[in-house]
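Protein chains get the first letters and strands the later ones, always in sequence-line order, with residue 1 at the start of each. Atom set for the values below is all heavy atoms of this structure, side chains included, hydrogens, waters and symmetry mates excluded.
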2 protein chains.
Amino acid sequence: MAGLNERKQKILHAVVTDYIQTAEPVGSRTISRHYQIDLSAATIRNEMADLEELGYLTQPHTSAGRIPSQQGYRFYVDALMDATGLAREEEEYLTRFFMQLEKMREIDQIVQQTARALSVITRYTSLVLAPQIKQSAFKQMRLVPMENGKALVVLITDTGYIRNKVIEMPKALNQKEIDFIVAYLNKELSGQTIATLTAARLRKLRSDLYLHTDILNSMLTMLEQCAQNPENRVFLGGTSNILNQPEFKDVEKLKHLLTLFEEGERLTLLLETSMDGLSIRIGTENVLAEMKDCSLITASYSLHGRPLGTIGVLGPTRMEYARVITIIEEISQRLNKLIATL
Amino acid sequence: MAGLNERKQKILHAVVTDYIQTAEPVGSRTISRHYQIDLSAATIRNEMADLEELGYLTQPHTSAGRIPSQQGYRFYVDALMDATGLAREEEEYLTRFFMQLEKMREIDQIVQQTARALSVITRYTSLVLAPQIKQSAFKQMRLVPMENGKALVVLITDTGYIRNKVIEMPKALNQKEIDFIVAYLNKELSGQTIATLTAARLRKLRSDLYLHTDILNSMLTMLEQCAQNPENRVFLGGTSNILNQPEFKDVEKLKHLLTLFEEGERLTLLLETSMDGLSIRIGTENVLAEMKDCSLITASYSLHGRPLGTIGVLGPTRMEYARVITIIEEISQRLNKLIATL
DNA sequence: TTTAGCACTCTCGGCAGGTGAGTGCTAAAG
DNA sequence: CTTTAGCACTCACCTGCCGAGAGTGCTAAA
């Protein structure tokens, strides 16, 4: 498998690079002229025939140039690709962008804006997965009395979520009682994730606060809803960018992708399976059939080492891997820093 | 202009109906056979030639059938179209959907879900404009002290927005002072829209509460942000539905539309100009150049007679006008009722 | 082992011819 | 005067064909 001598690697590198730029099958002549490989077209032809037999290249038809196969891209990404830095204008754009972002305190907005920036800067479609409320830790919970027997429950998590819910307040409570309940809940729950609210734990809370069962129930209902309701956590950016790729001039393919983009649950699942560091899925390495002609590059972002969500870029298999990887890693790092300050 | 005798109207009606269904140019034979018009194809041909000369029909090329012109659709919508009721399954779907919706109390979610339902049921792309915070009236404002010198401002509007902002609390205030400030603000502002907060009004508030300038400033900052920050208020549903329309098999057209879909500000502007009852814009009647081959049907929804936002359906000019209009009117009415209960 | 040369293959664009749907016009029928 | 049948005509679309061009594989020489 790794049995590619240096010359073959050079040629494969040239083919991939060229094809990524032009989207046209690459011929032997092109390579011998445009790349620093001092070999004649004929020699390169022989090598390319070998590379095809080994599975790294394919021919769309007999008398066309070669294009990288999925295996070819994989080898390129694993062994050949040269790391690139951020371009200066990219760097500046990001700095400006994150300065804007610091003003926002709510994670929803941050995530949505990140998706936008990611697609603008890469010129591909971006997918961003927001943190799961369920896996977020309590920071604070508050109860705000309102008029006509209602009250507002406010929940703030360490991941930057602020969630409100209006509840009925079964009987009038004075401020002292409210303070007591809230203080108790905060003491008990602070720092724990919502998912750890097991039935046993709930029983304990209920018995500790047996004097205020009604109001406690209402507040806990909100938590349960947060734990159960799987709200849409995926944000897209630059959907129209796929139309710039010649491989998607076919309307049928497009339809499959655009339809997928509207299926929040499946996208969530997809991104949840990529929560560990950088991941590159090429073509059929993607589980979703709709993405068999695409590559997806993802990186996770985290708070205190705990992974919260994923940012990703989707493009054709003919993607500018090196550039996108650099950008994604940069953004995920900056996002980490930002979230730590929430 | 209105000089169409009954026979011509019947024929125009038949052409539009047929073309809406098939998307193929309609020939004279088709009409004479499939519609209750007891005329030979030849007669219909003559009438169709007249209709073309009058501008209601066009021919894609000399020896093809006729398709309605923009003017043809306009006449159809204004005079010919027969009103249809909701299909039973549509009715059932809507009832079920709005029962779900009643559980949600926040307007953002309601609006987003409405966009989804609208696109599912019409099988076109839907656009929904959420109420403007600025034009919403205060219901309540609250200040919740938090640890380490911070506090949470909560704003609730009559349109169902709940907005939070964490602010610095300049000096420690006791509960009594907080209660006083909040009570005063609520008394002063209740029932008024945020946009009415003129400079003069703000001055009065500041002088009335001169003892608490710092905290007041922080709270008012939030209101100013609500008034200024034009957040994205447009929600889309069923974007991929445009791909089912044969008129959009051309990737270039698609690109223009999809790009437009990402431009929130322009969409907002578009929908804001349709805030009065039902509106039907056919082809170039739409201001946006990207929509010159589309029709947009919109209806506004309101609270106590005050229009809050718009729901709309976007399709090709060859749209099922009657069906879509019925659905849009139904949904906007149900939405009105729902919002009144918030 | 590399390279030059050459025949071969395949795509693509343009062109010709046939087909079919639908028209406009004319003249006869009502 | 209106309607209808008939017929020639037009145009899109499909098919097959041809030549050009790009690129290959193979062979034989360097």
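Under the side chain to side chain contact (heavy atoms under 4.5 Å, CB included) criterion, B/S126 pairs with B/A115, B/L118, B/S119, not counting sequence neighbours. For B/S332, the side chain to side chain contact (heavy atoms under 4.5 Å, CB included) test picks out B/A299, B/I311, with sequence neighbours left out. Remark: B/D18 engages B/T22, B/V26, B/T30, B/Y35 in a side chain to side chain contact (heavy atoms under 4.5 Å, CB included) (not counting sequence neighbours). Scored by the salt bridge (Lys or Arg N to Asp or Glu O under 4.0 Å) test, A/D78 finds A/R74 as partners (sequence neighbours excluded). Under the salt bridge (Lys or Arg N to Asp or Glu O under 4.0 Å) criterion, B/E329 pairs with no residue, sequence neighbours left out.
For A/Q245 and A/Y124, the side-chain atoms include no donor-acceptor pair closer than 3.5 Å.
Nucleic acid contact for B/T62: sugar-phosphate only, since backbone atoms but no base atoms lie under 4.0 Å from a heavy atom of the residue.
A salt bridge (Lys or Arg N to Asp or Glu O under 4.0 Å) check over residues 28-41 of chain B, counting only residues at least two apart or in different chains, returns nothing. The salt bridge (Lys or Arg N to Asp or Glu O under 4.0 Å) contacts involving residues 5-17 of chain B comprise B/R7-B/E47, B/K8-B/E47, B/K8-B/D50, where partners must be two or more places apart or lie in separate chains. Pairs of residues two or more places apart, or lying in two chains, that qualify as ring-ring contact (aromatic ring centres under 6.0 Å, His included) and include a residue from residues 7-29 of chain A are A/H13-A/Y76. Judged as a salt bridge (Lys or Arg N to Asp or Glu O under 4.0 Å), the pairs with a partner in residues 239-250 of chain A (not counting sequence neighbours) are, in order, A/E247-A/R318.
Both B/R7 and B/S63 lie near DNA chain D, and the one whose nearest nucleotide falls closer to the 5' end is B/R7.
Scanning DNA chain D 5' to 3' for nucleotides with an atom closer than 4.0 angstrom to a non-hydrogen atom of chain A gives a first and last hit of D/dA22 to D/dG25.
In DNA chain D, stems built from 3 or more consecutive Watson-Crick or G-U wobble pairs, each with both distances under 3.5 Å, span C:1-30 with D:1-30.
Counting to the nearest Å, the C1' atom of C/dT3 and the CD atom of A/E47 are 14 Å from each other. The CD1-P distance, from B/I11 to C/dG22, rounds to 16 Å in whole Å. Atom C1' of nucleotide C/dC10 and atom CD of A/Q59 are separated by 10 Å, given to the nearest angstrom. To the nearest angstrom, P of C/dC10 lies 14 Å from CZ of A/R66.
Using a distance-only test at 3.5 Å, with no hydrogens or angles considered, a donor-acceptor pair links the side chain of A/T326 to the main chain of A/T84.
Residues from residues 13-42 of chain A that place a heavy atom under 4.0 Å from any atom of DNA chain C, listed by number: A/L39, A/S40, A/A42.
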